[in-house]
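The structure under discussion appears below in the form of structure tokens.
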Protein chains: 2
Amino acid sequence: MKPYLMQMLKELAMLGAMNNKIEVSSVELATQLETSQQTASRYLLELDKEGFIQREFGVKKQRISITDQGVDALEEEYSHYKQIFELKSKVRFKGIVVSGLGEGKYYTEQPGYRQQFKQLLSIDPYPGTFNVEIKPIEKNKLRLLKHYGGIDIKEFSTKNRSFGSALCFNATVNGVKGAIVLPRRSHYSNVIEVISHHYLRDTLQIKDGDVVDVIVFVQ
Amino acid sequence: MKPYLMQMLKELAMLGAMNNKIEVSSVELATQLETSQQTASRYLLELDKEGFIQREFGVKKQRISITDQGVDALEEEYSHYKQIFELKSKVRFKGIVVSGLGEGKYYTEQPGYRQQFKQLLSIDPYPGTFNVEIKPIEKNKLRLLKHYGGIDIKEFSTKNRSFGSALCFNATVNGVKGAIVLPRRSHYSNVIEVISHHYLRDTLQIKDGDVVDVIVFVQ
DNA sequence: ATTACTAAGCAGCGAGTAA
DNA sequence: TTTACTCGCTGCTTAGTAA
């Protein structure tokens, strides 16, 4: 939706058009938005055509109410601002499911990690990680997480090799509980590794390429 | 602020630029906003010039953070959505102070009204009403109030004449407590009459033509 | 790889006006 | 009064490209 239409829809909502039919003329709306009557009229036509508002005409003025679709649009916009100002304890990622190289299984099965996952995250991980690829731009959010702190998984060694430390956060994938694991000794990649008690591909009925919502909880 | 710049500022905020310097390229932002690299670049130049963001350049990408002024702009936008979705128990009016015809004094001094104001609103009104002229478009909000209910002031008669009923709401003018009085037998005018224990013109140090904020409380 | 300039094209704006 | 059309013009957008 074009930002200038959103602005007008917001204005209508502030005048009460979400609960009522409001009586307004295009001139009044134009004044409010500091634009011309013609532009206000055109905006209304567009909003109507796209199904965001409903209009009725009288002899004077018109009666406008916001449709369910319009309310949805407003709610989405509102949710963005809530993310910015309120839900600082949650960070959302949208990404697509990808296959790893199978190393996830190797790592999650190491008793040295598994023990800590159980103890610190209360997760007995299903063997293997669930990998979500995010857009490069969202790596900024990943970087943010480090500042917020998280749950520390300590490094350890077996007689064969050593395993590095990792930073973990409780998280959900499409609502299903799990945790994300960020290896400390590696640059941020654009893949988030998720562990969960469940085999997420089955639980969520999801395959490679599907879009998922990952919500990370910051304490 | 132009709506399309607001959209970009919001996008930056969602990526964490309010607390951090985020690393983004104009191409990434363009993808996010579904526009061209050139447009994203231009938006950033504008936001910078207007003082909403700060930029640093590296060899690759740029580091962007939102300034206090940018945060202010986002907060204002957020407050609009809060008004729409949350503060349904408050209705705000912005208007200018005007003089009445002096009838306010006549009415507020009628014992039949004064008694009810004291009892139902706990206000012993200063003689005279404080009149606030609102924009015609805001009459819609006034109409909304009727649906929400309010405090009913009953009609009464003296031996000389009869006085009509009115609908009242607790309210504040620039933060000072009072109530608004909407006569039932009259169409909505674009003037809100406010009663208060205080002589508002003095208390608020306000004169005709000044802009005031009226917040009406709906129970 | 970046950012951002120039130039051309086109979308949005608003004056004028009809209905 | 209204709303909304046409149309000329402005200003936003983007391809091309420099740095």
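Just so it is clear: chains get the letters A, B, ... in the order the sequence lines come, proteins before strands, and each one is counted from 1.
- Checking the phosphate oxygens (OP1, OP2) of C:dT3, a side-chain nitrogen or oxygen of B:Ser26 falls inside 4.0 Å.
- To the nearest angstrom, P of C:dT3 lies 9 Å from CD of B:Glu28.
- If you take OH of A:Tyr4 and P of D:dT13, they are 10 Å apart, rounded to a whole angstrom.
- Side-chain N/O atoms of B:Thr35 include one lying less than 4.0 angstrom from OP1 or OP2 on D:dT14.
- The stretch residues 61-86 of chain A participates, sequence neighbours left out, in these ring-ring contact (aromatic ring centres under 6.0 Å, His included) pairs: A:Tyr78-B:Phe85, A:Tyr81-B:Tyr81, A:Phe85-B:Tyr78.
- Distance A:Glu34 CD to C:dG14 C1': 16 Å, rounded to the nearest Å.
- Between the side chain of B:Gln116 and the main chain of B:Lys154, a donor-acceptor pair closer than 3.5 Å is present.
- Applying a 4.0 Å cut-off to non-hydrogen atoms, the residues of residues 38-55 of chain A that approach DNA chain D are A:Gln38, A:Ser41, A:Leu45, A:Arg55, listed by residue number.
- Judged by distance alone, the side chain of B:Lys94 and the main-chain N or O of B:Val211 form no donor-acceptor pair under 3.5 Å.
- Across all strands, B:Gln62 comes closer than 4.0 Å only to sugar-phosphate atoms, never to a base (heavy-atom distances).
- Contacts classified as ring-ring contact (aromatic ring centres under 6.0 Å, His included) and involving residues 14-36 of chain A (residues at least two apart or in different chains) are not found.
- When A:Lys61, A:Lys21, A:Gln62 are each tested for a side-chain hydrogen bond (donor to acceptor under 3.5 Å, both in side chains) with A:Glu56, only one passes: A:Lys21.
- Here the C1' atom of nucleotide D:dT3 and the CZ atom of A:Arg63 are 17 Å apart, to the nearest Å.
- Heavy-atom distances to DNA chain C give each of A:Lys2 and A:Gln37 a nearest nucleotide, and the one nearer the 5′ end belongs to A:Lys2.
- Between A:Leu29 atom CG and D:dT3 atom P there is a gap of 9 Å when expressed in whole angstrom units.
- For the pair B:Asn174 (side chain) and B:Asp213 (backbone), a donor-acceptor distance under 3.5 Å is present.
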